[in-house]
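The next block holds one structure in the form of structure tokens; read it before the comments.
As the structure is a computational prediction, the values presented were derived from the model and not from experiment. Sequence lines set the chain letters: A, B, ... in the order given, protein chains first and strands last, and positions in each chain run from 1.
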Amino acid sequence: MFTDIARVMSQEFSGKEVSVRGWIWRTRGSGKIVFPTVRDHSGVIQVTVKKGNVPDGQFEGALKALIESSVEITGTLKADDRAPGGFEIQATGFRVVGFADAYPIQKDQSEEWLRENRHLWIRSRRMVAIMKVRHTVVGAIHRFFRENGYYEFDPPILQPNQCEGGSTLFEVKYYDMQTYLSQTWQLYAEAGIFALGKIYDMAPTFRAEKSKTSRHLCEFWMAEMEAAWMELPEVTEVAKAEVKFIISEVLKNNREDLALLERDVSKLEICLEKPFPTITYTEGLELLKKDGMMVEWGKDLRTLEEEGIMKHFDTPVVVTHYPKEIMAFYKPVDEKAAAPGPVAKCFDMLAPECGIEIVGGSERDTSIAELTKYLEKDGENPANYQFYMDLRKYGSVPHSGYGVGVERLIQWICGLENIKDAIAFPRTSTRITP
RNA sequence: GCCGUUGUAGCUCAGACUGGUGGAGCGGCUGACUGUUAAUCAGCAGGCCUCAGGUUCAAAUCCUGACAACGGCGCCA
């Protein structure tokens, strides 16, 4: 019977015989005593192996075993101030299951080296903490939608057309045809709502942008929703509720992990206490103007400007009604909106602190004439969108949807400098290994 | 795509300006040590100085050109 290390480290087991198994975290020793610390998924504990207390062969093994050797240990749990964490196991049995070669990851590590050795680096306490938060985030997304009457609906990943105008697609040879890896489920989701009403999914998304930034991946996970009968004001509220729910779940389940990441938890707590504001693009520009940042109406907000807007807020903010000219073809014009030019029924949600876009969504245009006009403007052939147009012919309804960048959300929640740490094996334009 | 930075031991980096027998710390190996916290001490091994040209008696170092990685911008979640 083996017990998780975190569970063993308590008064409950003090003085009792325990068995744990895991990997050597650090080790040091002298001729007659060895102090390996051993980790598993739950924690780290120091072991003392004294010559004479274990069979001689096992003591030799303890002396020789390098970092990351796998071990099974039996011994007595003792509270001891000299041990990191306050508890240690005084071993009576120390079995090395697999001796490790010299571990490539040591105290001096470059970002590049850690990415080269990602398959080993994910064992680090830091990556383990992030992956545990990710586990909560993903679970919370499924729970949120399922408990609010959404069906999970899975789209094809191989898709014949592009959707977001301008974005770059990964081409895939599909027998003797050409197809692309999905960069959104949206066209298929818009078909799905006529069957299921409210739907969601979480799936890999691919963007072949050569973006070398701390907030871009070429392969990332997007959690999307689409709902029939829903218009812009309502869909933005769904997005706010979803993000709040995810944060509450993380705060409920991952306090220790956030502490290990040295995340200021109060920045997340405040997001549960206050409502997330909604402003328009035009109002955003006015906020920037007050700070002396002049942006011409009609230009898209750049990273710098998004950061500028978010200086005014300590919770996520929904920004609506961007100029239609710079928006994708399917985002409809809002005829009623007061703005210097045509604006779309669309929104982004920006995260506080870092200012990154964590959500993007919109109402969907139901006019075949409008869709055709803007597709042609983007240089697209509307004939390639026949099924999408069909949806407007057979009982069309107002509908909306959005996508959450799962890694971006994790990046903000964990306070990560780089989005690459929000996923175990990041894919970027310059790295496909390991 | 544009701009910038960096390529030297298994890892992290000095050395380059001013050309002249390639260095340190960490880690590994050998040995000492019965309470270590990044243990300590002594010794040993370890190199196509990213690659290709050029200048020079002589190039890690100077010049030219590739390649790669990293970062910023744009684009986006």
(message) I need the single residue from A:K345, A:E370, A:K373 that forms a side chain to side chain contact (heavy atoms under 4.5 Å, CB included) with A:D365. Which is it?
(response) A:E370

(message) Distance check needed: B:rA77 P versus A:R215 CZ, whole Å only.
(response) 13 Å

(request) Using a 4.5 Å cut-off on heavy atoms from C-beta on, say whether the side chain of A:C218 contacts that of A:F170. (result) yes

(message) Output the rounded distance in Å from CD (A:E306) to C1' (B:rG74).
(response) 12 Å

(message) Counting the atoms with a prime plus P, OP1 and OP2 as sugar-phosphate, which does A:S214 contact under 4.0 Å by heavy atoms, base, sugar-phosphate, or nothing?
(response) sugar-phosphate

(request) With heavy atoms under 4.0 Å as the rule, sort A:D300 into base, sugar-phosphate or nothing. (result) sugar-phosphate

(message) Just to be sure I understand the rule, does A:T48 reach a base, reach only the sugar-phosphate, or reach nothing, if contact means heavy atoms closer than 4.0 Å?
(response) base

(message) Between the base of B:rC70 and the side chain of A:R431, is one N or O donor paired with an acceptor at under 3.5 angstrom?
(response) no

(request) Please state whether the phosphate of B:rA68, meaning OP1 or OP2, lies under 4.0 angstrom from any side-chain nitrogen or oxygen of A:R115. (result) no

(message) Measuring centre to centre across the rings, with the benzene-like ring taken for any Trp, is A:F329 within less than 6.0 Å of A:Y385?
(response) yes

(request) Determine the interatomic distance between C1' on B:rC48 and the same-named atom on B:rG7; round to the nearest Å. (result) 14 Å

(request) Take the protein atom CD of A:E417 and the nucleotide atom P of B:rG71, then report the distance between them rounded to whole Å. (result) 11 Å

(request) Determine the Euclidean distance between corresponding P atoms of B:rC57 and B:rU50; express it in Å to zero decimal places. (result) 25 Å

(request) Calculate the interatomic distance between A:D348 atom CG and B:rC75 atom P; express it in whole Å. (result) 12 Å

(request) Calculate the interatomic distance between A:K212 atom NZ and B:rU5 atom P; express it in whole Å. (result) 14 Å

(message) Measuring from the side chain of A:W113 (C-beta onward, heavy atoms only), which nucleotide among B:rU36, B:rA77, B:rG10 has the closest atom?
(response) B:rG10

(message) I'd like the C1' distance from B:rG71 over to B:rC29, given in whole Å.
(response) 38 Å

(message) Whether A:N418 contacts B:rG71 is assessed here as follows: a side-chain N or O lying under 4.0 Å from the phosphate OP1 or OP2. Is that the case?
(response) yes

(message) Nearest to the side chain of A:E357, heavy atoms from C-beta on, is which of B:rC76, B:rC70, B:rU36?
(response) B:rC76

(request) Under a 3.5 Å limit for both distances, which nucleotide forms a Watson-Crick or G-U wobble pair with B:rG22, could you say? (result) none

(message) If you go through the side-chain atoms of A:Q46, does one of them form a donor-acceptor pair with the base of B:rU36 closer than 3.5 Å?
(response) yes

(message) Need one value for A:E88: base, sugar-phosphate or nothing, where a base atom within 4.0 Å counts as base even if backbone is also close, heavy atoms only.
(response) base

(message) Counting primed atoms plus P, OP1 and OP2 as sugar-phosphate and everything else as base, spell out the protein contacts along nucleotides 25-34 of chain B at 4.0 Å heavy-atom distance: B, S or - for each nucleotide, 5' to 3'.
(response) BBSS----BB

(message) Any strand counts, and the cut-off is 3.5 Å on both contacts for Watson-Crick or G-U wobble. Which nucleotide pairs with B:rU6?
(response) B:rA68

(request) Grab the OH-P distance between A:Y330 and B:rC76 for me, whole Å please. (result) 10 Å

(request) Only counting residues at least two apart or in another chain, list the ones meeting salt bridge (Lys or Arg N to Asp or Glu O under 4.0 Å) with A:E269. (result) A:R255

(message) Using atom P in both nucleotides, what's the gap between B:rU36 and B:rC41 to the nearest angstrom?
(response) 15 Å

(request) Using a 4.0 Å heavy-atom cut-off across all strands, classify A:Q411 as base, sugar-phosphate, or nothing. (result) nothing

(request) For B:rA45 versus B:rG35, give the span between their P atoms, rounded off to a whole number of Å. (result) 32 Å

(request) Both distances under 3.5 Å, Watson-Crick or G-U wobble: report the partner of B:rC62, or none. (result) B:rG54

(message) Between A:E407 and A:K420 (salt bridge meaning N to carboxylate O under 4.0 Å), is one present in this structure?
(response) no

(request) Determine whether the aromatic ring centres of A:Y322 and A:Y281 lie less than 6.0 Å apart. (result) yes

(request) Would you tell me if any nitrogen or oxygen in the side chain of A:T430 comes within less than 4.0 Å of OP1 or OP2 on B:rC70? (result) yes

(message) Work out how far the P atom of B:rA52 is from that of B:rA59, and round it to whole angstrom.
(response) 14 Å

(message) Judged by each residue's nearest nucleotide on RNA chain B, which is more toward the 5′ side, A:P84 or A:R408?
(response) A:P84

(message) Assess whether a salt bridge exists between A:E209 and A:R215, defined as any Lys/Arg side-chain N lying under 4.0 Å from an Asp/Glu carboxylate O.
(response) no

(request) Look at A:T27 and B:rU36 and indicate whether a side-chain polar atom (N or O) is within less than 4.0 Å of OP1 or OP2. (result) no

(request) Quickly work out the A:K420 NZ to B:rC70 P distance and round it to whole Å. (result) 7 Å

(request) Using the ring of A:Y374 (Phe, Tyr or Trp, six-membered ring only), decide whether A:K324 places NZ or CZ under 6.0 Å from its centre and within 45 degrees of its axis. (result) yes

(request) Would you please name every residue forming a salt bridge (Lys or Arg N to Asp or Glu O under 4.0 Å) with A:R431, sequence neighbours left out? (result) A:E116

(message) By the 4.0 Å heavy-atom rule, please label A:R302 as base, sugar-phosphate, or nothing.
(response) sugar-phosphate

(request) Would you classify A:V406 as touching base, sugar-phosphate or nothing, given that sugar-phosphate means primed atoms plus P, OP1 and OP2, and contacts are heavy atoms under 4.0 Å? (result) nothing

(message) Given the ring of A:F99, does A:K64 sit roughly above its face, with NZ or CZ under 6.0 Å from the centre of the six-membered ring and within 45° of the axis?
(response) no

(request) Could you tell me the separation between the NZ atom of A:K299 and the C1' atom of B:rC73, rounded to a whole number of Å? (result) 15 Å

(request) Report yes if a side-chain nitrogen or oxygen of A:S110 is closer than 4.0 Å to either non-bridging phosphate oxygen (OP1 or OP2) of B:rU12; otherwise report no. (result) yes

(message) For the C1' atoms, the ones on B:rC67 and on B:rG23, what distance do you get once it is rounded to whole angstrom?
(response) 27 Å

(request) Record whether the side chain of A:S211 comes under 3.5 Å of the base of B:rC75 through a donor-acceptor pair of N or O atoms. (result) yes

(request) Searching all strands shown, indicate the nucleotide that pairs with B:rA42 (Watson-Crick or G-U wobble; both distances under 3.5 Å). (result) B:rU30

(request) Both distances under 3.5 Å, Watson-Crick or G-U wobble: report the partner of B:rG1, or none. (result) B:rC73

(request) For residues A:H321 and A:F347, establish whether the separation of their ring centroids is below 6.0 Å. (result) no

